[in-house]
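Note that this is a predicted model, so its numbers are computed, not measured. In listed order, ligands and their atoms are each counted from 1.
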Amino acid sequence: MTIERYKIEEQNQSSLNQHQSRFNFLVADVPNVAEILQKLTDFQVAIPSWALGTGGTRFGRFAGGGEPRNLEEKIEDIGLLHALNTSSGAISLHIPWDIPENASHIKALAAQNGLKFDAMNSNTFQDQPGQELSYKFGSMQHVDKAVRKQAIDHNIEVIKYGMELGSESLTVWLSDGSCFPGQLNFRKAFQNTLESLQEVYAALPDSWKMFVEYKAFEPNFYSTTVGDWGQSLLYASKLGNKAYTLVDLGHHLPNANIEQIVALLLMEGKLGGFHFNDSKYGDDDLTVGSIKPYQLFLIFNELVEGMDAKGMNHASDLGWMIDASHNVKDPLEDLLQSVEAIMITYAQALLVDRKKLVEAQNNNDVVTAQEVLQQAFRTDVRALVAEARLRNGGALNPLAVYRAEKVRAHLIKERGSKTVATGL
Ligand code: RM4
Ligand code: MN
Ligand code: MN
């Protein structure tokens with residue numbers, strides 16, 4: 001299904017006056033509006049191909065119907081999101097959940113929908129039908145060299161798929177670790193993993209980046225072999241300058257200061273990419289910004305400050321991606337909410353009065369420092385984000401158009417109510 005341009009324009013017309021007065025009110029206080037609008041236009045968030053269906057937990061899954069049945073339909077779904085919000089211009093594929101059998105056809109379809117291919121993701125945390133050796137006791141860390149080789153070969157295959165599509169990065173997330181004390185020799189597990197990653201790294205094209213994603217726990221509950229940013233940074237540093245750490249917001253132990261982690265990784269030139277989601281307890285994969293919006297703002301504040309300090313391009317020098325699971329919401333509505341939350345928070349971070357903040361820091365003026373941050377965080381920037389969308393041909397209110405056009409009902413009619421998308 002596609003949403004006709006004129007439908008979006010019709011909806012925009014109906015709320016244009018209200019939008020314009022909100023926008024004018026807001027920008028009266030913003031000195032560099034044009035620059036901010038340009039940055040918002042450039043900023044694109046990749047949508048994971050595995051999050052277009054209903055998620056589940058080990059207790060069950062409650063599908064809502066109309067899920068994409070294949071990669072083509074997933075691309076259509078993301079195209080739809082992008083048409084509405086003009087900020088979801090990329091797709092991230094997980095192999096083998098989504099194998100692009102016919103690369104040129106998939107590439108053309110993505111281009112038609114205005115989409116690029118973001119990072120490719122490998123999967124050595126599940127056994128696939130017909131797979132020779134099992135990952136039950138790990139993949140790249142495995143005591144058996146043959147299992148390690150299988151995991152390496154899989155990653156190299158994923159790179160090949162990515163090259164055909166024009167992707168330029170590989171994200172490696174390993175579930176490797178142990179469930180009980182004594183199960184694993186930590187040092188050997190690290191060494192095996194490093195050597196395996198080195199082999200994959202050697203197959204990486206020059207223009208590519210490798211993202212080493214860490215996660216504190218789950219599915220292993222005693223130790224994880226890439227368990228935190230320290231371990232990831234260790235691997236990335238030993239691998240070389242094409243390897244970076246990837247931060248997934250849900251992969252930390254409770255109360256971790258993620259904004260500080262981000263600041264230091266940026267300082268070291270080793271922050272590669274981001275997986276956005278939100279959590280209350282563990283790797284909950286909830287909608288980004290739904291539980292801890294101020295934390296998200298503080299993270300974006302460090303991202304903007306740290307990238308500017310290095311003269312980096314906000315839009316293209318890091319990989320931006322959503323990594324969420326939707327158990328009770330319509331996945332497409334959830335993704336619209338996620339992208340909106342990211343854009344709002346990015347806009348707020350762009351509003352921080354940097355000069356005043358530095359001054360406050362240098363004077364140990366704790367109160368002013370807090371005021372500066374909260375001034376930006378408490379600014380309602382929704383009209384700014386909407387204006388950027390409007391200028392790019394998107395919807396003032398993507399969710400409203402999605403509902404008015406009854407997209408889900410159409411998708412159910414088209415695809416059926418019992419379809420199951422591959423993924424989480
Ligand atoms: C993991 C991790 C990875 C994602 C898988 C599906 O927890 O977040 O990024 O690829 O889930
Ligand atoms: Mn992730
Ligand atoms: Mn995760």
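- Heavy atoms of His251 come nearer than 4.0 angstrom to ligand 1 in at least one pair.
- A salt bridge links Arg61 with Glu67: at least one charged nitrogen is closer than 4.0 Å to a carboxylate oxygen.
- For His251, the N, O or S atom closest to the Mn ion (ligand 3) goes by the atom name NE2.
- Within the coordination shell of the Mn ion (ligand 2), defined by N, O or S atoms under 2.8 Å, His275 is present.
- The environment of Asn313 atom CG is dense: over 12 non-hydrogen atoms of other residues, nucleotides or ligands sit within 6.0 angstrom.
- For atom 9 (O) of ligand 1, the nearest protein heavy atom (residue, atom name, distance) is Glu213 OE1, 2.6 Å.
- A cation-pi arrangement is absent between Lys39 and Tyr346 under the rule of less than 6.0 angstrom and at most 45 degrees off the ring axis.
- Here the protein heavy atom with the shortest distance to atom 6 (C) of ligand 1 is Leu424 CD2, 3.7 Å.
- Of the protein's heavy atoms, His94 NE2, 2.8 Å lies nearest to atom 10 (O) of ligand 1.
- Heavy-atom proximity to His275, at under 4.0 Å, picks out these atoms of ligand 1: 9 (O).
- Lys116 NZ: 12 or fewer foreign heavy atoms inside a 6.0 Å radius.
- From the protein, the heavy atom lying nearest to atom 8 (O) of ligand 1 is Asp323 OD2, 2.8 Å.
- Coordination check, Asp248 versus the Mn ion (ligand 3): failed, since every N/O/S atom of the residue sits at 2.8 Å or beyond.
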